[in-house]
Amino acid sequence: MTGLSGLEPFLACAAGRCPACGQGPLFAGFLSVTPRCIACGHDLGASDSGDGPAVFVIMVVGFIAVFGALFTEIAYRPPVWVPLVIWVPVAGILCFALLRPMKGLMIAAHVRNRATGGGSGP
């Protein structure tokens with residue numbers, strides 16, 4: 001098993017690869033994480049990104065969509081339906097495009113910092 005160091009685990013996870021080796025797939029579905037890397041055997045089931053990816057995506061996409069809608073409104077003064085037709089689909093597409101890489105980045109941070117679950121067990 002070859003370990004990744006520095007920025008490489010974050011780049012690997014953003015691309016949907018294992019944070020430990022950079023080879024095996026990180027996701028089994030769109031957002032479901034594989035329990036174990038098929039290339040190196042790293043336990044990925046213990047990595048939990050929580051709600052962090054959704055929060056960051058909401059912040060980024062909200063900024064882009066609101067800025068775009070306000071700019072469109074101030075600069076062009078279109079009818080009400082035009083910004084809705086433009087910016088609602090843009091926001092939806094951006095959310096789907098950013099959610100998976102953001103979840104990968106959060107898992108990489110989880111693995112890099114050797115975080116444990118948030119439970120209050122013995």
Side-chain angles (χ1 to χ4, degrees):
M1 175 167 108
T2 61
L4 298 177
S5 62
L7 190 59
E8 293 172 359
F10 292 98
L11 296 175
C13 282
R17 297 287 171 200
C18 172
C21 68
Q23 302 297 318
L26 179 63
F27 298 106
F30 181 65
L31 289 176
S32 59
V33 179
T34 58
R36 188 168 294 282
C37 176
I38 59 172
C40 68
H42 182 74
D43 182 22
L44 296 168
S47 299
D48 182 26
S49 62
D51 292 335
V55 170
F56 285 118
V57 168
I58 288 169
M59 296 291 183
V60 170
V61 172
F63 176 78
I64 292 169
V66 169
F67 175 78
L70 286 174
F71 179 80
T72 304
E73 181 63 33
I74 292 169
Y76 302 110
R77 302 257 185 224
V80 173
W81 62 270
V82 173
L84 290 174
V85 168
I86 294 171
W87 294 107
V88 170
V90 166
I93 290 168
L94 283 174
C95 283
F96 280 112
L98 291 176
L99 194 54
R100 189 171 169 157
M102 193 62 69
K103 183 166 183 165
L105 288 172
M106 295 298 265
I107 290 173
H110 188 269
V111 170
R112 174 92 178 261
N113 294 316
R114 295 177 187 92
T116 59
S120 58

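Quick note: numbers below take in every heavy atom, side chains included, and nothing from hydrogens, waters or symmetry partners.
Both Met102 and Leu11 belong to a single network of hydrophobic side chains, linked directly or stepwise wherever heavy atoms of I, L, V, M, F, W or Y lie under 4.5 Å apart. Hydrophobic cluster membership is shared by Trp81 and Ile86, with clusters built from Ile, Leu, Val, Met, Phe, Trp and Tyr side chains linked at under 4.5 angstrom. In terms of hydrophobic clustering, with Ile, Leu, Val, Met, Phe, Trp and Tyr side chains grouped at heavy-atom distances under 4.5 Å, Phe67 and Val85 are assigned to different clusters. Hydrophobic clustering (ILVMFWY, side-chain heavy atoms < 4.5 Å, transitive): Leu105 and Leu31 are in one cluster. No continuous path of hydrophobic side-chain contacts links Val60 to Ile58 [ILVMFWY only; heavy atoms under 4.5 Å].
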Going through the checks in order, is the side-chain contact (heavy atoms from CB on, under 4.5 Å) test met by Asp43 and Arg36? CA-CA 5 Å; Asp43 182 22; Arg36 188 168 294 282; 4.0 Å; yes
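Of all non-hydrogen atoms in Cys21 and Ala39, the two that sit nearest each other are SG-CB, 3.9 Å. Residues Ile107 and Ser49 share a closest heavy-atom pair of CG1-CB, 4.1 Å. Between Ala28 and Thr34, the closest heavy-atom pair is N-CG2, 3.5 Å. In this structure, Pro83 and Glu73 approach most closely via the heavy-atom pair CG-OE1, 4.3 Å. What you find for Leu44 and Cys37 is that their closest heavy atoms are CD1-N, 4.0 Å. When all heavy atoms of Ala91 and Val61 are compared, the pair lying nearest together is O-CG1, 3.6 Å.
Hydrophobic cluster membership of Val88, counting Ile, Leu, Val, Met, Phe, Trp and Tyr whose side-chain heavy atoms lie under 4.5 Å apart directly or via other members: Val80, Leu84.
Within 6.0 Å of atom CG in Asn113, more than 12 heavy atoms from other residues, nucleotides or ligands are found, so the atom counts as buried in its surroundings. Summarising the local packing, CZ of Phe27 is surrounded by more than 12 heavy atoms from other residues, nucleotides or ligands at distances under 6.0 Å. Annotation: Tyr76, atom OH; neighbour count of heavy atoms from other residues, nucleotides and ligands within 6.0 Å does not exceed 12.
Rounding to the nearest 0.5 Å places CG of Asp51 at 9.5 Å from CE of Met106. A distance of 5.5 Å separates CG of Leu99 from CZ of Phe30, quoted to the nearest 0.5 Å. Expressed to the nearest 0.5 Å, how far CD of Gln23 lies from NE2 of His42 amounts to 14.5 Å. Summarising the geometry, atom CD1 belonging to Ile93 is positioned 11.5 Å from atom CG belonging to Leu98; distances are rounded to the nearest 0.5 Å.
Residues satisfying the side chain to side chain donor-acceptor pair (under 3.5 Å) test with Thr72, not counting sequence neighbours, are Trp87.
Between Leu26 and Lys103 there is no side-chain heavy-atom pair separated by less than 4.5 Å. Proximity of Ile38 to Cys18: side-chain heavy atoms (C-beta onward) are nowhere separated by under 4.5 Å.
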